[in-house]
Protein chains: 4
Amino acid sequence: MSRLSEKRKAAVESMMKEAIYEAAVKILLHQGLDGLTMERVAEAAGMAKGTLYNYFQDKKSLQLYIFARVSEPFNQQLSAIRRSTVSPKEKLVKIMEVIFLGFEKNRQILVILSGGRIHNLKEYSMQLAAIPEFSDCKATKEPIGKVIESVVLEGIQAKQFFAFDPKLATDLVLGAITSVIDRQIQDNLPRATEENIAQLIRFLMEGLMKA
Amino acid sequence: MSRLSEKRKAAVESMMKEAIYEAAVKILLHQGLDGLTMERVAEAAGMAKGTLYNYFQDKKSLQLYIFARVSEPFNQQLSAIRRSTVSPKEKLVKIMEVIFLGFEKNRQILVILSGGRIHNLKEYSMQLAAIPEFSDCKATKEPIGKVIESVVLEGIQAKQFFAFDPKLATDLVLGAITSVIDRQIQDNLPRATEENIAQLIRFLMEGLMKA
Amino acid sequence: MSRLSEKRKAAVESMMKEAIYEAAVKILLHQGLDGLTMERVAEAAGMAKGTLYNYFQDKKSLQLYIFARVSEPFNQQLSAIRRSTVSPKEKLVKIMEVIFLGFEKNRQILVILSGGRIHNLKEYSMQLAAIPEFSDCKATKEPIGKVIESVVLEGIQAKQFFAFDPKLATDLVLGAITSVIDRQIQDNLPRATEENIAQLIRFLMEGLMKA
Amino acid sequence: MSRLSEKRKAAVESMMKEAIYEAAVKILLHQGLDGLTMERVAEAAGMAKGTLYNYFQDKKSLQLYIFARVSEPFNQQLSAIRRSTVSPKEKLVKIMEVIFLGFEKNRQILVILSGGRIHNLKEYSMQLAAIPEFSDCKATKEPIGKVIESVVLEGIQAKQFFAFDPKLATDLVLGAITSVIDRQIQDNLPRATEENIAQLIRFLMEGLMKA
DNA sequence: TATGAATGAGCATTCATTCAT
DNA sequence: TATGAATGAATGCTCATTCAT
């Protein structure tokens, strides 16, 4: 009995957090970080203000949760790609596909959460690492930049890539990708077309690869 | 007399706006959009809170002014490059240099002003266009993206570039550049090294150019 | 059957109220009136928040109950002393002993409950008197002050005491006693020493000055 | 000019603080510490909520200010009496007069401010001592209890008083006095009568019992 | 009867904006 | 024109109370 009811409680808690998370994300996307008031989140999630505080200690906790939720799936996938045994070039292509297919809305959310100051994302990471519940998630231990950087480094060492500064190359790759995503969100396009993705990959590859 | 005093008045107004602008930018950079309170701006500009309202109708107007001021010089330079007669490839190199050498702090400000939501920058542009005083400035009529897009288009038509979707190519170029700049601001590096710029240009060119 | 189950019910109710009362007192003593939240009381009493409301209509009722419980035993003892047949002086000494030995924690609770405003204790008394369940308890009918006052009056009429205003003398006696108790609680001393009590009695009896 | 306007400003600030102080005291007396909301203070002081914050950083600061204001005058007078050269007995009589004539409402306020937990007054003192503006006021350096204690000690050493424990004697004296005051506030009497004061002094000096 | 999630009124505090001087 | 005190709407958060299970 205790078992079952505990499971049920956990499930309910999970659903509530999910509902709150989705409401908060919708608001972040439409009204920005400033527009993210607990009042609005509550209304969008169809509950009273006070109820939010049964699931998140305070607003900061909710933001951290969003950060973790948004970061985690990519970091999981990217981490898997990093550890796979294909060539650096293939890794990079896979990484770009993953990012493209899943990163659209999520990157936007991260940028909004940071209030435009990327430095803030670092703080989120650090604060996340300080919470036991999240201290071992990928977002904390293997951020996306690190993964790309290690693949680029691998490619350079394998003489498959030009001898770029790995950090620089990482920024170029990430920057180009996310810029395209931003544009699509900005223009309200549903998502990147296959054609766009192919072009992006060719662009990055032919700029990065030795002839 | 009336003429002279009007001129003097205009000059004083100009200087006050300049002081307020600089104070606001300093605050944006150090404390973010949330930290931009009229109180702080007034103090940093060495005047009283109420005085701000003699030069800017409200906070929104101040933000719009910052947007215009930050956007304008680039748009001026980029517009000139666009109208010059060198090859598309050379135009692109020049554009990247301009962006790199002057865009560092300014891009950061724009991202902060937008609260991370690029959509907001569009709104700034539209609201700016609605103000007679600013309706004909470059930021409104020839935003940076448009300029790059036209150069890319020119390159494609001249068969110097791959047949990319021009919007896509624009995003790739801008995204890669700004990503590198973000990193430098994030890491508190003074500015991009010549070597970095060269690498970036090579990356973009060898990815973009026909063999 | 009905009788028995009613008795059992009453016993259970009594035990629950007792548990709640003890939890509430512990919290009052450690965290003050502000710290007395229903949440905390429930947790300290080992039950759910909602359960409290099966035994007390609302928070005010719980506070009233605490007031009654804390006041009652003294009032019982004091009432007995008042009705005894010893001399006024002996009555006074007994009263002081009773107060001293049992009033320490309880007075502290009353002061906390009243939020420092003695006026509030009057309100408690009045509200208590309005509740049938409590209308005939000593706290209502024979408050501590009245008892001392009557003894002082008796002493004066018997020419054993100076011709003080009885109300004034009552206040002097009570004030001196409770002040000593406050100090001991404040300094975290376990309880008054015999020596202290003897000194207090001598002080009340003979004053501060040597003959 | 600067001088004059600074003086005027200081005067206005002073008056505002005074008005707020008085409003807050009235509320403390009528509705207790819980009833002391910034909203109510603002309304009672005839100003907007936000205005309070131009004069007091936060609610805690307002409470500290009240504590300082209420404590200071007594401590000043008592300190002077302590340093005077009359006999211990005369000092004590003077002290009681001072307390009686000025301490009525003020003691009540202190008790309310402390929420019934005298320990809190200690905290006020410590926090007050940490504020440069108040660090050297008597309330911090020479609290009322210390003054009485030193006089009692002096009396005992001069063999004018019984050999009481000085701390105990202090508590007895202070307790008796404040109890009488409490009663008067409680009963809404304007202030102690001369007769009452005389009786109190006699009581403290000679005790309750006839020789 | 027991539970504890949901509710929403109430509070401290911030800040854009106004306006008397 | 410059000033800065006054304003009050808005926000994060707490907690007594209710009620479906």
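Heavy-atom basis, side chains included; hydrogens, waters and symmetry copies ignored. Every chain is numbered from 1, with letters handed out A, B, ... down the list of sequences.
When the nucleotides E:dA16, E:dA6, E:dT13 are ranked by their closest atom to the side chain of B:M38, E:dA16 comes out on top. In this structure, of F:dA6, E:dT1, E:dT17, it is F:dA6 that holds the atom nearest to the side chain of D:M16. Nearest to the side-chain atoms of C:T37 among the listed nucleotides E:dT7, F:dT17, F:dC15 stands F:dC15.
Among the protein residues, C:F56 comes within range of no part of the nucleic acid, since none of its heavy atoms lies under 4.0 Å from any strand. In this structure, C:T51 reaches the bases: a heavy-atom distance under 4.0 Å links it to at least one base atom across the strands shown.
Atom NZ of D:K26 has 12 or fewer neighbouring heavy atoms from other residues, nucleotides or ligands inside a 6.0 Å radius. Dense packing is recorded around CD of C:E13, with more than 12 heavy atoms of other residues, nucleotides or ligands lying under 6.0 Å away. Annotation for D:E18: atom CD counts as buried by contact number, over 12 foreign heavy atoms lying within 6.0 Å.
The two residues B:M16 and B:T51 make their nearest non-hydrogen contact at CE-CG2, 4.0 Å.
The nearest heavy atom of DNA chain E to A:V12 and to D:G50 marks one nucleotide each, and the one closer to the 5' end goes with A:V12. Each of B:K49 and D:L36 was assigned the nucleotide of DNA chain E with the nearest heavy atom; the assignment lying further toward the 5' end belongs to D:L36.
To the nearest angstrom, C1' of E:dT18 lies 15 Å from CD of B:E39.
A perpendicular orientation is assigned to the rings of D:Y21 and D:Y65, their planes being inclined by more than 60° (bins at 30° and 60°).
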(message) As a check on the pairing definition, encode DNA chain E in dot-bracket form, counting Watson-Crick and G-U wobble pairs whose two distances are under 3.5 Å, and using | for partners outside this strand.
(response) .||||||||||||||||||||
